[in-house]
**Q** 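Just dropping this structure here.
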Amino acid sequence: MSYRAPVADIAFALKHGADLARALAETEIGADGVEAVLQEAGRFAGEIIAPLNVIGDRHGAAFKDGQVTMPPGWRAAYQAWAKAGWGSVAAPAQWGGQALPHAVNAACIEMWNGASMAFGIGTVLTMGAVEMLAAFGNDNLKRTYLPKLVSGEWTGTMEMTEPQAGSDVGALRTRAERAPDGSYRLRGQKIFITYGEHDLTDNIIHFVLARLPEAPAGSKGLSLFLVPKFLVKDDGSLGARNDVRAHAIEHKLGIHASPTCTMIYGDHGGAVGYLIGEENRGLHCMFTMMNLARLSVGLQGVAAAEAATQSALAYARERKQGRRGEDAAEPSPIIAHPDVRRMLLTMRALTRAARLICYTTAGTIDAEQRATDTAERRFARERAALLTPVAKAFSTDVGIEVASLGIQVHGGVGYIEETGVAQYYRDARIAAIYEGTNGIQALDLVLRKLPLSDGAAIRAYLDDLRGMVQAVQTRNDPAFGAAGTRLAEAVASLDRAAQWLRTQLGNAPDAARAGATPFLRLFGIAAGGCLLAREALAATRLADGTAASRIALARFFAENIAPQASGLAQAVIEGADSVNDADPALQP
């Protein structure tokens, strides 16, 4: 089954998860305009991108003599995507963008990646480059590069990782030296660079972290440079080839059509680069790009889960195996069997919960940008900071889990490549690794985000979750079953674990580190369950035709997934010693 964008569910999640009405208040586009954008994005994803997904998987990106050739049809699809303006949805109007809310762009990002993760990942890096360059570039760099990046005529990369420095960016060795004309010369090597070389556009703009000769050690000594593949003349036309090249591409488990490159700088004297922001403040600048990328990767998890769920549901309705009921005369569709129903409901519930978390995160980014006073802006900024690691890690874990369940629903035919189901799992597996592994996201949540405003950020969010639970309990609708009780228990577990972790940060930080990953999962389960319930209540108030199905899904999540919360809280609070003192268990 080919991917079809779930536009109606996406629109509903935007409205009731991302507070879209407020985000639209300062734009010229209304709800009808957003609906038109989503419908067209869904059509483009389903008709133009999705048919290329299997082609990209089987052909992959080809590398020869330093050049990357994309799979058949990909260049035409990308050019159609850029011409339609999809890269400019949330970009600043000053540089040719449409300046729509990030939440709307998040919905589009989900659709591009649902149609093909290998296609979608390249586009979001350029969007992040636009945000970062608009925030920190000087006027000349903005005028020269932003219009081309916003239009999609050129693409951007994010370049940090080196052979000896993966997550530890402070160990980067790529060097930069000042040139007499005010530019810089870069020498070094970067690895795992997504879309570092390709034939989709005429120019590629690399954003590279490097170290100046007298820079401080560690991450505080990194500077950020814009390094074009082709230098740009004063009139905007392309000039000479810069001293940067792709040395090789990786052969990966999944996303075969996404060229993951080893990049070499400075074979012939040094690649020309231009400073972004201030010297030795490169990581600060890069975080603008990284945070958008982290949310986008979370959306990749949602997208993979949605595509896998669609395939599994279609197969379960058609495949007949076994008889449901003693008097059944013929084999039943496997969707009738309780265990298959459990898997399908788990897939759909986790997918929608992750979607709501990601869209809520995007909505908080919009709230920060439209805030009119300092306190409001700080609140939204801290809420976005709190939710971003959860959106990235919980959603990508969900993508892997749901894709794996999709194979299980298909049985043996899911394990063979011809059905295409295995690709969802292979593609989804990378999302928990890149843009900061999920373990690093969990550490970020615990070590940096829980202490925000002396704990006020997490307390405020817990209050919001309690409000959602109270709304379910107050409604007292039998259709919700035990949802109110189970969700209240999940939020209480999250609160208990958060308080314990905060007490450990000063006295026993390794104990807090050991509990970080189960805490993030606990956070995602509590938040996801509450958001599903809030969405179901909204559908009920509106007498929406989907109300019954949304209530049923919220109840399933609360009664079958949310009970994991208490066990996760126990692992956070009681499991640290068994992690930190377990050296004997790891000996040969």
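Just the heavy atoms: all of them, side chains too, but no hydrogens, waters or symmetry mates, feed the values below.
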**Q** Could you walk me through whether E306 and Y424 satisfy the side-chain hydrogen bond (donor to acceptor under 3.5 Å, both in side chains) test, starting with their C-alpha distance in whole Å, then the side-chain angles of each, then the deciding distance to 0.1 Å, before giving a yes or no?
**A** CA-CA 10 Å; E306 174 64 39; Y424 299 134; over 6 Å; no
**Q** Run the side-chain hydrogen bond (donor to acceptor under 3.5 Å, both in side chains) test on K220 and N280 for me, step by step, so that the C-alpha distance in whole Å, both residues' side-chain angles and the decisive distance to 0.1 Å come before the verdict.
**A** CA-CA 6 Å; K220 294 181 179 180; N280 303 326; over 6 Å; no
**Q** Do F225 and H206 make the cut of ring centroids closer than 6.0 angstrom?
**A** no
**Q** Any side-chain donor-acceptor pair under 3.5 Å between T262 and K190?
**A** no
**Q** Distance from S258 atom OG to E250 atom CD, nearest 0.5 Å?
**A** 11.5 Å
**Q** Run the numbers on D9 and R550 for salt bridge (Lys or Arg N to Asp or Glu O under 4.0 Å), then give the verdict.
**A** CA-CA 10 Å; D9 192 64; R550 293 186 190 281; 2.9 Å; yes
**Q** OH/Y195 to CG/L125 distance, rounded to the nearest 0.5 angstrom?
**A** 9.5 Å
**Q** Take atom CZ in R429; do more than 12 heavy atoms of anything else shown fall under 6.0 Å from it?
**A** no
**Q** Got a sec: does the CZ of R502 have more than 12 other heavy atoms crowding it under 6.0 Å?
**A** yes
**Q** For the CZ atom on R281, are there more than 12 heavy atoms of other groups (residues, nucleotides or ligands in this structure) within a distance under 6.0 Å?
**A** no
**Q** Testing the 3.5 Å rule here: is there a donor-acceptor pair between the side chains of E382 and Y461?
**A** no
**Q** So with a 6.0 Å cut-off around CZ of R448, is the heavy-atom count from everything else above 12?
**A** no
**Q** May I ask you to establish whether R175 and Y184 are in a cation-pi arrangement, using a distance under 6.0 Å from NZ or CZ to the six-membered ring centre and at most 45° from the ring axis?
**A** no
**Q** Find out whether V104 and L20 are in side-chain contact, i.e. whether some heavy atom of one side chain is under 4.5 Å from a heavy atom of the other.
**A** yes
**Q** Is the shortest distance from a Lys or Arg side-chain nitrogen in R383 or D464 to a carboxylate oxygen in the other one below 4.0 Å?
**A** yes
**Q** Under the salt bridge (Lys or Arg N to Asp or Glu O under 4.0 Å) rule, what do D366 and R22 come out as? Steps first, then yes or no, please.
**A** CA-CA 9 Å; D366 289 321; R22 290 187 62 189; over 6 Å; no
**Q** Scan the side chains in residues 505-531 for donor-acceptor partners under 3.5 Å anywhere in the protein, sequence neighbours excluded, and list what turns up.
**A**
| unit_1 | atom_1 | unit_2 | atom_2 | d |
| --- | --- | --- | --- | --- |
| D510 | OD1 | R513 | NH1 | 2.9 |
| R521 | NH2 | E401 | OE1 | 3.0 |

**Q** For S453 and R378, which I'm curious about, is there any donor-acceptor pair between the side chains at under 3.5 Å?
**A** yes
**Q** So with a 6.0 Å cut-off around NZ of K142, is the heavy-atom count from everything else above 12?
**A** yes
**Q** Can T174 and Q189 be said to form a side-chain hydrogen bond (donor to acceptor under 3.5 Å, both in side chains), step by step?
**A** CA-CA 6 Å; T174 296; Q189 177 184 4; over 6 Å; no
